[in-house]
Structure formats: C-alpha cells, structure tokens
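See below for the structure under consideration.
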There are 2 protein chains.
Amino acid sequence: MAIARPTHRRLFAVFDHAYGRLSRRAGAVLADVGVKPAQATALVYLGYHNGCQLSELAAGVGAGNAAVTGLVDRMVKTGLVERRKLQSDGRGKTVHLTPDGLAKREQVMQRLRTLDEKLSKNFTDAEMEIIYKFLHTASEMET
Amino acid sequence: MAIARPTHRRLFAVFDHAYGRLSRRAGAVLADVGVKPAQATALVYLGYHNGCQLSELAAGVGAGNAAVTGLVDRMVKTGLVERRKLQSDGRGKTVHLTPDGLAKREQVMQRLRTLDEKLSKNFTDAEMEIIYKFLHTASEMET
DNA sequence: ACAAACTAATTCATATGTGTACTTTCTCCG
DNA sequence: CGGAGAAAGTACACATATGAATTAGTTTGT
C-alpha cells in the first residue's frame with residue numbers, strides 16, 4: 001500500500017478549477033479579437049494543418065466530431081473558414097482558413113503568446129518539462 | 001531578452017487540449033454514476049461546504065453565478081440538492097445536499113480518487129508540488 | 001459483385017459555459 | 001430618513017460540449 005499523499009487527493013478537482021479560471025481569462029483576453037475560445041483554438045490548429053478534415057480538426061482540438069461540426073458551422077458563418085468536399089473520399093470535408101481567418105489567427109497568436117509567457121514565467125525550464133509531461137499524461141491517459 | 005523557449009510556446013494550447021481530453025475521460029468514468037461532470041464537481045464541493053450560498057458555490061467550482069443557477073436547477077430537479085432561503089439576507093439562497101446527493105457524492109469521490117491516482121502515479125512528490133504550483137498559478141493569474 | 005462492417009459528417013436532445021440586463025434586497029453615506 | 005449603489009439570483013441569447021441516431025460513402029470477405 002502506498003503512503004497517503006494528501007496533497008494529491010484532489011488533483012482532478014484542482015485541474016478542473018484551474019482550467020475553468022484559465023479559460024475565462026483566455027476568453028477575456030480574446031474578447032477584443034472578436035473570436036470565441038474554441039474558435040481561437042481551431043484557428044491556431046488550422047494554421048498548422050490548413051485543409052485538414054473535420055475529424056482531424058476534432059482530434060486536434062480535443063473534441064468530438066459533433067462539437068466540431070457546429071464549431072465549423074459558426075466559423076463559416078462569420079467567414080473565418082470554408083468547407084470543401086474531399087474528392088478522394090465522398091464522405092469527407094476539409095476545412096480551410098480564409099484570408100480573414102488567417103488575419104484573426106495572427107491576433108489570436110499574439111494574445112496566446114502573452115498568456116503563455118505569464119503562465120510560465122515563474123517556472124524554470126526543468127519545471128516546465130515536468131508540467132508538460134504532466135499535461136501530456138493527462139491527455140493520453142487511458143481508462 | 002530571454003532565450004527562446006520553444007517547448008513553452010504553446011502552453012495554453014497544450015493545457016486546453018489536455019483538459020479537454022481529461023474531462024472527457026472524467027465524464028466517461030462518471031457515466032455509470034449517472035451524474036454529469038459539472039454536477040459531480042458541485043457535489044464534491046458541497047460535501048465540504050454544505051449549505052453554502054449560490055455565489056460561494058459558483059466561486060468554488062470556478063464558474064459564474066448564471067451557470068450555477070442552471071446547474072442547481074437541474075440538480076434540484078433530479079433530487080440531488082435543495083435550495084433554501086437565507087433568513088439573514090433576503091437576497092441569498094443556500095444549497096444543501098439531500099441524502100440522495102450525499103450518496104452520489106460518495107460514488108463520485110471513489111471514481112475521482114481512482115482518476116487522481118492514475119494521473120499522479122508516475123510523478124514523485126516533488127514533481128507533484130511543481131504541478132500543483134503551476135495549477136495554482138493558472139487559477140490565480142490576473143489579466 | 002454484394003452484403004456486412006466501417007468511417008465521416010451531421011442532426012437532435014441535453015448539459016454547461018459566458019455576458020448582459022433586470023429584480024429584489026441590503027448597506028451606507030449625507 | 002432616503003436615495004445611490006453594491007450584491008445575490010435569475011432570465012435570456014448564444015457558444016460549446018457530449019452521446020445517440022442517421023445518412024452517405026468506402027472497404028472487405030467470400
């Protein structure tokens with residue numbers, strides 16, 4: 001039996017709370033860009049994988065297909081991206097940044113870089129390694 | 001000027017992604033308890049602060065008042081909690097676990113403890129300190 | 001070549017979040 | 001006392017998430 005580790009008992013709760021607060025902050029930081037947080041995430045991802053399929057975008061932003069269908073709908077409506085049919089596979093659709101979407105992405109990246117700096121500035125590189133390892137563990141954890 | 005820290009450039013994105021995946025996992029883990037993730041969070045908080053006011057619950061679970069109004073509505077509807085008027089202040093309402101809510105909370109705690117163990121088992125206590133410090137930083141960060 | 005199985009995207013019901021506006025109630029200051 | 005203003009909850013419009021069911025297109029096994 002492992003020694004009790006009281007400070008670890010509510011890890012998930014702390015993670016959950018921290019994320020809630022952080023995402024509110026991110027939402028506020030992005031408000032003046034006129035893009036919602038989930039859309040910002042998608043714009044960033046698309047900058048690296050422009051023209052990817054919906055499913056890939058879903059995996060990339062860590063959500064399910066259904067969520068991304070609606071997300072892309074709203075982004076198409078506001079002119080940030082466009083959907084195209086995939087000719088190689090009749091089921092697939094690809095998502096492409098518009099010039100407008102690309103411009104918004106630049107602004108988003110500015111804001112997120114600042115946020116990242118604030119988040120990480122009190123940690124050493126060695127500490128950041130641990131934090132990344134932890135976040136990666138949380139991402140990849142299986143049931 | 002600081003040295004470029006490429007691995008830190010997308011901290012927020014990594015955090016966001018990790019949270020998305022982790023919360024899906026938590027949702028799946030809680031599915032058999034028949035409680036949604038936000039409700040589970042509220043149940044846990046209420047276990048420590050039963051009878052607190054709505055605003056305190058909101059702060060405790062990291063959401064706004066409006067979100068918690070609806071959350072409590074749904075939990076009242078399914079009999080997990082009840083709302084009472086605060087006599088000391090005509091504006092306030094307090095939230096109380098029902099026996100049913102308390103029972104669900106026990107099940108939730110079981111599941112979350114298991115999740116916590118999986119999340120933290122590959123980290124030493126010293127590493128966990130850093131992770132908690134980071135999560136705390138993320139919670140408390142000001143604009 | 002075809003039925004069975006799989007995959008991609010969508011739709012639907014529902015849960016949860018935000019910001020804003022509104023109501024009610026308190027508090028505090030002149 | 002009495003009105004300005006803060007605070008607590010709620011209502012509303014909307015963004016975003018999930019899971020289940022649906023539709024359509026592709027792949028596979030015989």
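Only heavy atoms go into these numbers, but all of them, side chains included; no hydrogens, no water, no symmetry mates. We name chains A, B, ... by the order of the sequence lines, and we start the count at 1 in each one.
- Phosphate contact (OP1/OP2 of D:dA8, side-chain N/O of B:Gln53, threshold under 4.0 Å): absent.
- Rounded to an integer number of Å, the gap from B:His17 NE2 to D:dA17 C1' is 15 Å.
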Checklist entry - So A:Phe12 and A:Tyr19, ring pair (Phe, Tyr, Trp, His ring centres under 6.0 Å) or not? Walk me through it. => result CA-CA 10 Å; A:Phe12 177 73; A:Tyr19 180 77; over 10 Å; no
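- Counting only heavy atoms from C-beta on, A:Ala66 has its side chain closest to D:dT18 among C:dT16, D:dT18, D:dA8.
- Contact check, A:Arg84 against C:dA9: no side-chain N or O comes under 4.0 Å of OP1 or OP2.
- Between A:Leu30 atom CG and D:dT16 atom C1' the separation is 15 Å, expressed in whole Å.
- Note on B:Lys93: a side-chain N or O is less than 4.0 Å away from OP1 or OP2 of D:dT10.
- Looking at heavy-atom distances under 4.0 Å, B:Thr69 makes contact with a base.
- For the pair B:Arg10 and A:Tyr45, the cation-pi test (distance below 6.0 Å, angle within 45°) is failed.
- In terms of position on DNA chain D, the residue among A:Ser88 and A:Gly62 whose nearest nucleotide sits closer to the 5' end is A:Gly62.
- The CG atom of A:Asn65 sits 17 Å away from the P atom of D:dT16 (whole-angstrom rounding).
- Rounding to whole angstrom units, CG of residue B:Asp89 and C1' of D:dA7 are separated by 8 Å.
- Put simply, NZ on B:Lys104 and OG1 on B:Thr98 are 10.5 Å apart, with the number rounded to the nearest 0.5 Å.
- You'll find that the side chain of B:Ala63 is closest to C:dT18, out of C:dA9, C:dT18, D:dT10.
- Under a 3.5 Å cut-off, the side chain of A:Arg25 and the backbone N or O of A:Arg21 do not form any donor-acceptor pair.
- No engagement by A:Gly27 is indicated, since no non-hydrogen atom pair under 4.0 Å with the nucleic acid exists.
- Between B:Gln39 and C:dT16 there is a side-chain polar atom (N or O) within less than 4.0 angstrom of OP1 or OP2.
- For B:Ala67, the listed nucleotide lying nearest its side chain is C:dT18; candidates were C:dT16, C:dT18, D:dT16.
- Note: CG (A:Leu57) to P (C:dA8) measures 14 Å, nearest angstrom.
- In this structure, the CG atom of B:Leu22 is 15 Å from the C1' atom of D:dA17, given to the nearest Å.
- For B:Leu54 and D:dA8, the CG to P distance is 11 Å, given to the nearest whole Å.
- Looking at A:Arg91, its side chain comes within 3.5 Å of the base of C:dT7 through a donor and an acceptor atom.
- The CD atom of B:Gln107 sits 9.0 Å away from the CD atom of B:Gln110 when rounded to the nearest 0.5 Å.
- Residue B:Arg24 places none of its side-chain N or O atoms closer than 4.0 Å to OP1 or OP2 of D:dT16.
- Ring-centre distance between B:Tyr132 and A:Phe134: not below the 6.0 Å cut-off.
- Counting any heavy atom pair closer than 4.0 Å across all strands shown, B:Gly70 reaches no nucleic acid atom.
- Not one side-chain nitrogen or oxygen of A:Ser23 sits closer than 4.0 Å to the OP1 or OP2 atom of C:dG17.
- When rounded to the nearest whole Å, the span between CG of B:Leu86 and P of C:dT24 equals 19 Å.
- The phosphate of C:dT14 has neither OP1 nor OP2 within less than 4.0 Å of any side-chain N or O from B:Arg74.
- Taking the nucleotide of DNA chain C with the nearest heavy atom to each of B:Lys77 and A:Gly20, the more 5' of the two is matched to B:Lys77.
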